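Quick note on labels: first sequence line is chain A, next is B, and so on, each numbered from 1. Quantities reported herein were computed from a predicted structural model and do not represent experimental measurements.
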2 protein chains.
Amino acid sequence: MGPATSKRGRRSPRPSGDDREGAILATAERLLGERSMRDISIDDLARGAGISRPTFYFYFPSKDAVLLALLDGVVQEADAALAAVSADILAADPSRYWRDCIATFHRTFGAHAAVTLACAEVRLTNTEVLELWSRVMDSWNQAVAAAIEGERVRGAAPPGLPARDLAIALNSMNERVLYSSFAHDVPTVAAEDVVDVLHTVWLNAIYQTTDP
Amino acid sequence: MGPATSKRGRRSPRPSGDDREGAILATAERLLGERSMRDISIDDLARGAGISRPTFYFYFPSKDAVLLALLDGVVQEADAALAAVSADILAADPSRYWRDCIATFHRTFGAHAAVTLACAEVRLTNTEVLELWSRVMDSWNQAVAAAIEGERVRGAAPPGLPARDLAIALNSMNERVLYSSFAHDVPTVAAEDVVDVLHTVWLNAIYQTTDP
DNA sequence: CCACGGTATCGACAGGGTGTCGAGTGGGTC
DNA sequence: GACCCACTCGACACCCTGTCGATACCGTGG
């Protein structure tokens, strides 16, 4: 609904105590590297930022709100990195274009694996995190669907599944596989192969042949 | 490690009060249809089964243990349904074989969507649920990998990605897409198309052409 | 220099959920 | 009739969350 950015902080970012907010955020990301969201209490975050528990509520309305702010940052980072992948190379070297997109995704979220994993957990019970995540996924889906349609129009890719459905399926695969990889789940693809595997499935699904 | 079945109940299933256990299970599956695991207290389960909260602990060590028992049942059901899909038709009609597998998966877990969704939530924080889920996924992965290798050996499918990696990627896609479908997530494939979409991507990924 | 208002902070409380302990109760068995 | 054992629950201790009211700090204008 809203345009884009902040509304989530609180009221005015004028005076000091702004570092407190940063300290809470930093503490949260640090602790998420050690243990799960469930095992981090608001008291942990407050102590980590050098304040008391009630004071925490001055900066954030809840524990989930901290994660939401963290996710917001990662998403912005991912959007910026994705924008740096020039769409121009799609026509010249489609394979490389898709690979760059997947690798960028992998790199950005991998750099904040703890936050990513925590969000995947919290979105199941928190509406705001779910909405932000869904909106982001939807924008990927639209972008991928548009790119697939472009490839079909110029004759590089054959017609087939509705582009949107295909985009959703492929992005869902990436989400789940990358999650498993970040979480070091037991039955998963080797970390160094994960981008290659996803890339290959994408090419086969979009171009329906190994070598486009 | 263990062979297969029960160890999870409690001690002896001899006397009555066994219906209590059933009542707790039934109450849990019913309530999961209405609200999330987080919003169901042990007291809710106990009241629903006509017992007090402390008595609940006589039957199950925790709320998660109830879900684990529920998942156990669904998994057994899925295994039975999958076993009914004859592997013989793989050579005769590969497309139909893969479609039957995906559709069976979809039907069985869809019939217990509430339990499936709850498990996806709880496995992120509960080791036992995660282990059971992982073991099940791993057995699918192995079966799919073996089938792919069979298709390659008989020349029906070209060589390519390691069969195991491909199997993991495809099963992961199914897991995520079916989850979104069951959860009625916003950016998802239309419920009636979901099996078709997954099926098509599987065929393209395994046979690398629309028409095997 | 001193009210004054807003920022920032915390002690203390209430509420709700979990898990445990010890004291029952009732039906089968010797 | 004494005894065991499955079964039941009241009451407690604990932890975490969220809120309220009191307070401290600080810049500004009278």
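- Without hydrogens or angle criteria, A:Ser181 side chain to A:Val177 main chain gives no donor-acceptor distance under 3.5 Å.
- The side chain of A:Phe58 sits closest to C:dT7 out of D:dT17, C:dT7, D:dA6.
- Nucleotide D:dC9 holds its C1' atom 12 Å from the CG atom of B:Asp43, rounded to whole Å.
- Residue A:Thr55 has no polar side-chain atom (N or O) positioned under 4.0 Å from OP1 or OP2 of C:dA8.
- Computed from coordinates, the B:Ile24 CD1 to D:dC7 P distance equals 12 Å when rounded to whole Å.
- Put simply, CZ on B:Arg38 is 16 Å from P on C:dG16, counting in whole angstrom units.
- In terms of modelled atom types and a separation under 3.5 Å, the side chain of B:Asp44 and the main chain of B:Ser41 share a donor-acceptor contact.
- Atoms CG (A:Leu45) and C1' (D:dC16) sit 13 Å apart, rounded to a whole Å.
- Formation of a donor-acceptor pair under 3.5 Å by the A:Asn204 side chain with backbone atoms of A:Val201 is not found in this model.
- Ionic pairing of B:Asp43 and B:Lys63 is not present here: no N-O contact between side-chain nitrogen and carboxylate oxygen is shorter than 4.0 angstrom.
- Protein atom CZ of B:Phe60 is 17 Å distant from nucleotide atom C1' of C:dT18, rounded to whole Å.
- With C:dT18, D:dT8, D:dT17 as the candidates, the nucleotide lying closest to the side chain of B:Ser41 is C:dT18.
- Judged by distance alone, the side chain of A:Asn126 and the main-chain N or O of A:Val129 form a donor-acceptor pair under 3.5 Å.
- Looking at the side chain of A:Tyr59, the nearest of the listed nucleotides C:dC10, C:dA8, D:dT8 is C:dA8.
- Atom pair B:Arg20:CZ and D:dT8:C1' shows a separation of 9 Å (rounding to whole Å applied).
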Got a list of protein N/O to nucleotides 19-25 of chain C N/O distances below 3.5 Å?
{"residue": "C:dG19", "atom": "OP2", "partner": "B:Tyr57", "partner atom": "OH", "Å": "2.9"}
{"residue": "C:dG19", "atom": "N7", "partner": "B:Arg53", "partner atom": "NH1", "Å": "2.7"}
{"residue": "C:dG19", "atom": "O6", "partner": "B:Arg53", "partner atom": "NH2", "Å": "2.4"}

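- For A:Ser52 and C:dC10, the shortest distance from a side-chain N or O to OP1 or OP2 is below 4.0 Å.
- A perpendicular orientation is assigned to the rings of A:Trp140 and A:Phe105, their planes being inclined by more than 60° (bins at 30° and 60°).
- We find that CG of B:Asp64 is positioned 11 Å from P of C:dT18, with the value rounded to whole Å.
- Rounded to whole angstrom, the span from the CD atom of A:Glu21 across to the P atom of C:dT7 amounts to 14 Å.
- For the pair B:His199 (side chain) and B:Ser95 (backbone), a donor-acceptor distance under 3.5 Å is present.
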